[in-house]
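Hydrogens, waters and symmetry mates play no part in the numbers below; they use all other heavy atoms, side chains included. Throughout, residue positions are numbered sequentially from 1 according to the sequence presented.
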Amino acid sequence: MSQVELRHVFKTFPHNGQAIEVLHDINLTVAEGEFVCLVGPSGCGKSTIIHLIAGLERPTAGNILIGGRPVAGPDPSRTVVFQDAALFPWLSVLGNVEFGLRMEGVPPVKRRARALEYLKLVHLSRFTDAYPHQLSGGMRQRVAIARALVLQPEILLLDEPFAALDAQTRAVLQNELLEIWELARPTILFVTHNVREATGLADRVYVISSRPGRIRDVRPIGLPRPRHADDAVLLAHQHKILGLLGEEIEKVFRE
């Protein structure tokens with residue numbers, strides 16, 4: 001059964017007195033516990049799909065269902081990690097991770113214990129008293145992931161969370177994310193521009209066309225993890241996806 005389902009979803013935004021269509025007839029499903037990546041050219045609506053599933057935006061037409069029920073707005077069962085970690089600068093690492101639990105009314109002793117558990121999971125136990133400005137970019141993203149996971153969401157939505165990081169830090173966090181996913185098994189939708197990242201992480205990759213975004217292709221990866229960069233099957237998937245993206249980017253240049 002699909003945990004996340006988009007049925008004939010359209011999305012337009014007003015701009016200078018006109019309606020700009022961002023998404024056109026999107027049909028997308030994600031099974032419970034599945035890891036799905038979305039790739040596509042800049043401006044194709046990948047982030048908009050994440051916002052719609054999170055309940056931060058409403059579709060212009062179509063339906064978004066979670067467990068068979070329409071999305072009515074944001075919900076703690078669906079949490080988002082953005083490219084910018086967006087931590088509260090006045091709170092410590094521990095305070096940031098505890099914040100959502102405090103808003104839910106979790107008692108202090110219980111929320112501290114749970115926050116420490118998730119900070120250990122992202123290897124930040126020694127930095128509980130540090131503040132965001134004292135952390136590297138990769139460490140701030142780890143805090144953001146712990147802050148999302150501590151709420152024990154059913155669905156984790158990641159909008160290019162590693163895009164601003166160097167290649168080495170990015171690889172480390174990819175591996176950590178897979179370890180966390182294998183332990184907790186949330187359903188994950190992960191937006192990225194990086195085809196190697198998508199094929200290395202996902203069960204399936206959705207390729208989104210240039211604007212207005214349509215589903216151009218869906219590619220089940222079907223390889224055991226950890227995946228090796230020189231695997232011939234993995235390279236074939238990457239070659240196909242890159243070819244499709246090249247066609248879409250060429251359309252943008254022609255327009």
Side-chain angles (χ1 to χ4, degrees), residues 4 6 8-16 18-30 34-54 56-57 59-62 80-84 137 141 157-171 173-174 177 188-223 227 229-255:
V4 180
L6 277 66
H8 302 292
V9 167
F10 294 74
K11 181 63 179 177
T12 60
F13 289 103
H15 180 71
N16 292 336
Q18 295 182 321
I20 303 297
E21 188 178 36
V22 176
L23 296 174
H24 182 90
D25 199 19
I26 296 291
N27 292 279
L28 179 153
T29 61
V30 188
E34 191 177 17
F35 197 134
V36 165
C37 281
L38 308 178
V39 299
S42 295
C44 73
K46 301 184 299 295
S47 295
T48 301
I49 291 173
I50 292 292
H51 294 170
L52 290 169
I53 295 169
L56 303 174
E57 300 276 356
T60 306
V80 188
V81 177
F82 297 102
Q83 181 176 337
D84 178 356
Q141 281 303 86
L157 305 165
L158 298 117
D159 191 1
E160 298 195 67
F162 307 148
L165 305 178
D166 64 86
Q168 187 175 359
T169 303
R170 188 172 191 150
L173 289 186
Q174 288 168 3
L177 179 61
I188 291 182
L189 279 91
F190 187 106
V191 165
T192 180
H193 279 95
N194 189 309
V195 173
R196 182 177 293 180
E197 181 171 67
T199 55
L201 294 174
D203 295 313
R204 286 186 299 139
V205 177
Y206 278 88
V207 181
I208 313 297
S209 74
S210 56
R211 194 171 69 188
R214 298 174 171 86
I215 302 298
R216 176 72 192 270
D217 191 28
V218 187
R219 299 198 69 78
I221 303 304
L223 292 172
R227 294 170 181 163
D230 57 354
D231 185 293
V233 176
L234 196 65
L235 291 171
H237 282 303
Q238 292 170 7
H239 180 74
K240 178 64 175 177
I241 293 170
L242 285 168
L244 294 172
L245 291 177
E247 292 174 9
E248 294 302 324
I249 292 168
E250 192 175 328
K251 287 180 189 175
V252 174
F253 288 158
R254 284 201 305 267
E255 290 171 1

Test item: [X] side-chain N/O and [Y] main-chain N/O as donor-acceptor pair under 3.5 Å:
{"X": "T199", "Y": "Q238", "value": "no"}
{"X": "K46", "Y": "V207", "value": "no"}
{"X": "E248", "Y": "G40", "value": "no"}
{"X": "Q83", "Y": "L158", "value": "no"}
{"X": "Y206", "Y": "T29", "value": "yes"}

To the nearest 0.5 angstrom, please state how far the [atom1] atom of [X] sits from the [atom2] atom of [Y].
{"X": "I249", "Y": "S42", "atom1": "CD1", "atom2": "OG", "value": "7.5 Å"}
{"X": "I49", "Y": "L157", "atom1": "CD1", "atom2": "CG", "value": "11.5 Å"}
{"X": "Q141", "Y": "R170", "atom1": "CD", "atom2": "CZ", "value": "11.0 Å"}
{"X": "I53", "Y": "T48", "atom1": "CD1", "atom2": "OG1", "value": "11.0 Å"}
{"X": "R204", "Y": "D217", "atom1": "CZ", "atom2": "CG", "value": "11.5 Å"}

Which pair of non-hydrogen atoms, one from [X] and one from [Y], has the smallest distance, and what is that distance?
{"X": "S209", "Y": "C44", "answer": "O-CB, 3.0 Å"}
{"X": "A229", "Y": "L234", "answer": "CA-CD2, 4.5 Å"}
{"X": "E160", "Y": "T192", "answer": "CG-CA, 4.1 Å"}
{"X": "N194", "Y": "E197", "answer": "OD1-N, 2.8 Å"}
{"X": "P212", "Y": "H24", "answer": "CB-CB, 4.0 Å"}
{"X": "T60", "Y": "K11", "answer": "OG1-CA, 3.4 Å"}

Parallel, tilted or perpendicular: which fits the ring planes of F190 and F35, with parallel below 30° and perpendicular above 60°?
tilted

Report the C-alpha distance between E250 and R254 in whole Å, list the side-chain angles of each, state the deciding distance to 0.1 Å, and finish with yes or no for salt bridge (charged side-chain N to carboxylate O under 4.0 Å, His left out).
CA-CA 6 Å; E250 192 175 328; R254 284 201 305 267; 3.3 Å; yes

Given I26 and L52, is the side chain to side chain contact (heavy atoms under 4.5 Å, CB included) satisfied, shown in steps?
CA-CA 12 Å; I26 296 291; L52 290 169; over 6 Å; no

Mind checking what makes side chain to side chain donor-acceptor pair (under 3.5 Å) contact with R211, not counting sequence neighbours?
none

Walk me through it: do L28 and L38 pass the test side chain to side chain contact (heavy atoms under 4.5 Å, CB included)?
CA-CA 10 Å; L28 179 153; L38 308 178; 3.8 Å; yes

Can you confirm whether more than 12 heavy atoms, excluding those of R196, are under 6.0 Å from its CZ atom?
no

Determine whether V205 and V39 satisfy the following criterion, side chain to side chain contact (heavy atoms under 4.5 Å, CB included), listing intermediate values before the conclusion.
CA-CA 7 Å; V205 177; V39 299; 3.9 Å; yes

Show the numbers, then the answer: is there a side chain to side chain contact (heavy atoms under 4.5 Å, CB included) between R214 and I208?
CA-CA 6 Å; R214 298 174 171 86; I208 313 297; over 6 Å; no

Out of T169, V81, L177, which residue meets the side chain to side chain contact (heavy atoms under 4.5 Å, CB included) rule with F162?
L177

